[in-house]
Amino acid sequence: MKTIVYVGCALTHASNQFKKDVADVKEILRQDADIEILEFVGLTGGTNESVYHHDIHECVAKCDIFVAIVDHPSLGLGYEAGTAVEKHGKPTLAVAHKDALVTRLILGVQHENYSFARYSSMVEEVPELVQKFIAAKTKKPAEVT
């Protein structure tokens, strides 16, 4: 059974390079046959209401793992992260570049299903961080014999 992963990130004020790196991370994760990546609507498709419904009710609510790339401020990403952690108790991995200024609220989350990590190279490190997080959160208890 595949692990369903939703990767959220800032879009509105993010650079094209950042958005390309996020797309590359998702493409690398897709190469793992055990992972299914859900897609957000983005900046151009749908109405405001359809974006909300899709991203919150079709992606955050239905994913097994939520990954928040928090390098840039984003109200939408914050809403997604809060919904994932506080409303649904989803295993959530927040990641940020080692030099990114990250809000103290994200740094201060204390929840059993939440982890925060820093990286130096998004494309080189984040897929492995996600795969390790998935392995830790989807471990099945050992069978008792």
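Side-chain atoms of F116 and I106, non-hydrogen and from C-beta on, do get closer than 4.5 Å to each other. Using a 4.5 Å cut-off on side-chain heavy atoms (C-beta onward), K98 and Y119 make no contact. At a threshold of 4.5 Å between non-hydrogen side-chain atoms, the residues M122 and V25 count as touching. H54 has its side chain out of reach of S50: every pair of non-hydrogen atoms, C-beta onward, lies at least 4.5 Å apart. Residues D32 and Q131 are in side-chain contact: their nearest non-hydrogen atoms beyond the backbone lie under 4.5 Å apart. Side-chain contact check for L93 versus I65: every heavy-atom pair is 4.5 Å or farther apart. Looking at heavy atoms from C-beta onward, R30 lies out of side-chain contact with I35 at the 4.5 angstrom threshold. Side-chain atoms of Y52 and H57, non-hydrogen and from C-beta on, do get closer than 4.5 Å to each other.
Atom CD of E36 and atom CD1 of I4 lie 5.0 Å apart (nearest 0.5 Å). For the atom pair NZ of K19 and CG of N16, the computed distance is 5.0 Å after rounding to the nearest 0.5 Å. Between atom NE2 of residue H97 and atom NE2 of residue H72 there is a gap of 10.0 Å, rounded to the nearest 0.5 Å. I134 CD1 to L129 CG: the interatomic distance, rounded to the nearest 0.5 Å, is 11.0 Å. Rounded to the nearest 0.5 angstrom, E27 CD and K20 NZ are separated by 11.0 Å.
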Next on the checklist: As a quick check of understanding, evaluate side-chain contact (heavy atoms from CB on, under 4.5 Å) for D64 and T138, giving each step before the final call.
Outcome noted: CA-CA 9 Å; D64 299 315; T138 59; 5.9 Å; no

Next on the checklist: Is there a side-chain contact (heavy atoms from CB on, under 4.5 Å) between L38 and E58? Walk through the geometry before answering.
Outcome noted: CA-CA 9 Å; L38 299 177; E58 298 299 322; over 6 Å; no

Next on the checklist: Before you tell me yes or no, could you show the steps for D34 and T3 under side-chain contact (heavy atoms from CB on, under 4.5 Å), namely the whole-Å CA-CA distance, both residues' side-chain angles and the distance that decides it to 0.1 Å?
Outcome noted: CA-CA 6 Å; D34 294 327; T3 300; 5.7 Å; no

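Nearest heavy-atom pair across C59 and E39 is SG-O, 3.5 Å. The two residues A96 and V102 make their nearest non-hydrogen contact at CB-CG2, 3.5 Å. Between F18 and A10, the shortest heavy-atom contact is CE2-O, 3.5 Å.
Transitive grouping of hydrophobic side chains (ILVMFWY, heavy atoms separated by less than 4.5 Å) brings F133 and V126 into a common cluster. A single hydrophobic cluster is not seen to contain both L77 and I69; linkage of ILVMFWY side chains at heavy-atom distances under 4.5 Å, directly or through other members, places them apart. In the hydrophobic cluster analysis, where Ile, Leu, Val, Met, Phe, Trp and Tyr join through side-chain heavy atoms closer than 4.5 angstrom, L11 is grouped together with V60. Linking ILVMFWY residues whenever their side-chain heavy atoms come closer than 4.5 Å, directly or via other members, leaves V22 and F66 in distinct clusters. In terms of hydrophobic clustering, with Ile, Leu, Val, Met, Phe, Trp and Tyr side chains grouped at heavy-atom distances under 4.5 Å, I37 and V130 are assigned to a common cluster.
Considering V109, V85, N113 as possible partners of T92, the one that fulfils the side chain to side chain contact (heavy atoms under 4.5 Å, CB included) test is V85.
For D99, the CG atom is densely surrounded, since the number of other residues' heavy atoms within 6.0 Å is greater than 12. Atom CD of E128 sits in a sparse spot, with 12 or fewer heavy atoms from other residues, nucleotides or ligands closer than 6.0 Å. Heavy atoms from other residues, nucleotides or ligands lying under 6.0 Å from NZ of K2 number more than 12.
Residues meeting the salt bridge (charged side-chain N to carboxylate O under 4.0 Å, His left out) test with R118, sequence neighbours left out: none.
With hydrogens and angles disregarded, a donor-acceptor distance shorter than 3.5 Å links the side chain of E125 to the backbone of S120.
A cation-pi arrangement is present between K26 and F40, with the terminal nitrogen or guanidinium carbon under 6.0 Å from the aromatic centre and inside a 45° cone about the axis.
A side-chain N or O of Y6 and one of E80 form a donor-acceptor pair less than 3.5 Å apart.
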